[in-house]
Protein chains: 4
Amino acid sequence: MSLNKVILIGNVGKDPDVRYFDSGTAVANFPLATSERGYTLANGTVVPERTEWHNIVVRRDQVAFVEKWVKKGSGVYVEGKIRTRSYDDQSGVKRYVTEIHADRIEFYNTGTRPADGTTTNAGTGFQQGGQAQQTTSYQQPAQPDISSESNSADDLPF
Amino acid sequence: MSLNKVILIGNVGKDPDVRYFDSGTAVANFPLATSERGYTLANGTVVPERTEWHNIVVRRDQVAFVEKWVKKGSGVYVEGKIRTRSYDDQSGVKRYVTEIHADRIEFYNTGTRPADGTTTNAGTGFQQGGQAQQTTSYQQPAQPDISSESNSADDLPF
Amino acid sequence: MSLNKVILIGNVGKDPDVRYFDSGTAVANFPLATSERGYTLANGTVVPERTEWHNIVVRRDQVAFVEKWVKKGSGVYVEGKIRTRSYDDQSGVKRYVTEIHADRIEFYNTGTRPADGTTTNAGTGFQQGGQAQQTTSYQQPAQPDISSESNSADDLPF
Amino acid sequence: MSLNKVILIGNVGKDPDVRYFDSGTAVANFPLATSERGYTLANGTVVPERTEWHNIVVRRDQVAFVEKWVKKGSGVYVEGKIRTRSYDDQSGVKRYVTEIHADRIEFYNTGTRPADGTTTNAGTGFQQGGQAQQTTSYQQPAQPDISSESNSADDLPF
DNA sequence: TTTT
DNA sequence: TTTT
């Protein structure tokens, strides 16, 4: 009787690190920031804004999606589970790192635009990035991204 | 062994309807919209954008917060549970309405501003609406809404 | 900017109703009960146990899994979204019904056993029913279900 | 625009460690185990059962509830957020530990019974542990744990 | 260190 | 209409 569920919405801290293995498997990693607003208590105590960094780990079908679309600054929704793994550091001391293994990743509409000036998330709600990739292939969207560089049909993740 | 958990992020459809009862309890209701982006399948089928309307019900301590701060257009985060209740309509037919009973409501940073031109959600992440109530104090609203107009049957948005 | 997420753990009220369409698609429906324990307030008020019934709708790959394994009484974990649809009743009056469209269904370990006396959920945590179906096919489990009726390899959902 | 949400159901690994501070605040810590069932892939690969340990941190009103009711072996539902903090170890090396700061803790019905033979969770669904605190009153624990032993550096479970 |  |  067990449940291990994490839901995060935040911003990607740097371009994902993608590694391919001989076995054919692939893994993508990236840091994701979530922030809580600061506030001031009635007694005057100031609780400052706090940013939390999460290590996101992506496997299987989602890796290609992440490699192609997720960039530093992207606003993403991540669902997954917590996993803590241990390793021995240079001194032979056991150390631990906690990661979020993503089961689902979707773009979140932040209204922000990538470096090239195009708007990637013009619509409302989630772009069905992660899910769409697994179950269907999409044609040209009704309101296409008019960036000429990325306007070929198979370039679109949704 | 049971769990009934709902997490919504969306926009408020109209100003909350707040009712105070002789017992001293209060209830606030408002419709909340969540939207899924439309998309086009490979076979050409267009799946249009879809907006879902949720009936949010707020009780206890959160009511004053809702009455004061939640407005038509507000972007809010709602956590709660699903409840379906029945009532007899004018024809004596049993009808059902499903509502989301909120355990927690927070403002979501949409960057939008209310009608008076002030910015309510300038920061990042959640405004600690629900939680703040426990740690800071809100003014009692001057004028509870007990307007008879808003109490008619067709006031129900569903 | 939108999220519509439901997480339920409960018991199936009756065997799923599965319908196949000419288009090749299929849909399964079943009622799921979640229960809140009753309790007594400090002032003596008794708040009785309350059972909530949810209409679960399953599509695509999960349908076959549901048809084969989900039965009246099953303890299941359901993740999905809320959807309210309308229809005109016999009198031509528009009526609404709220359903939970499942994105993920898993067995939950209740320790209960089906009518035939076999134990279907012997282990801890989730049986990876829904997910496994989509991504891998499993061999004989390490601790096989020893019900002779259901012991053929392709009978196993995990 | 941010969300940091964790939902866990699992078993408590040892009796909570509760510390009271001069400021009047209190903190409780305990390890929580969540388990995924093992399984065997079609290619024969055995994926063993995996247990994940989470460091749960409880503050404020929930501490007294935890001290009184949560014990080694308890089945609990925890909602909260992920927080990673750093500290310098004996060698002056910066180390990190990830914790789950609980916003809500409830008993989960495991059907298990404590050492004294009484059944604490006889009903279905959650015991309204966290919530009950708001609506009913708990006894003040007779003997707050202020043992100096439990305050040493290697008291850290990670 | 838990649980099934 | 389920479950404890």
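Chain A is the first sequence line, chain B the second, and so forth, proteins listed ahead of strands; every chain is numbered from 1.
- Atom P of nucleotide F/dT2 and atom CG of C/Leu8 are separated by 18 Å, given to the nearest angstrom.
- A straight line from CG of C/Asn11 to P of F/dT1 spans 16 Å, rounded to a whole angstrom.
- You'll find that the side chain of D/Lys14 is closest to E/dT1, out of E/dT1, F/dT1, F/dT3.
- With sequence neighbours excluded, the residues forming a side-chain hydrogen bond (donor to acceptor under 3.5 Å, both in side chains) with C/Asn43 are C/Thr45, listed by chain and number.
- Each of F/dT3, F/dT1, E/dT1 was ranked by its minimum atom distance to the side chain of D/Lys72; first place goes to E/dT1.
- Atoms OH (B/Tyr96) and C1' (F/dT1) sit 12 Å apart, rounded to a whole Å.
- Centre separation under 5.5 Å together with a plane angle under 30° does not hold for the ring of D/Trp53 and the six-membered base ring of E/dT2, so they are not marked as stacked.
- Atom NE2 in D/His54 sits roughly 16 Å away from atom P in E/dT3 (whole-Å rounding).
- Atom CG in C/Asn29 sits roughly 18 Å away from atom P in F/dT1 (whole-Å rounding).
- Rounded to an integer number of Å, the gap from D/Ile56 CD1 to E/dT1 C1' is 13 Å.
- Between C/Glu49 atom CD and F/dT1 atom P the separation is 16 Å, expressed in whole Å.
- Between A/Lys94 and A/Asp89 no salt bridge is recorded (no basic side-chain N to carboxylate O distance below 4.0 Å).
- Which of E/dT2, F/dT1, F/dT2 sits closest to the side chain of C/Thr51 comes down to F/dT2.
- Here the C1' atom of nucleotide E/dT2 and the NZ atom of D/Lys71 are 15 Å apart, to the nearest Å.
- Here D/Thr34 lies out of heavy-atom contact (under 4.0 Å) with every strand.
- Remark: C/Glu79 engages A/Lys5, C/Lys5 in a salt bridge (Lys or Arg N to Asp or Glu O under 4.0 Å) (not counting sequence neighbours).
- Checked for salt-bridge contact, D/Lys71 and D/Asp15 miss the test: no charged N lies under 4.0 Å from a carboxylate O.
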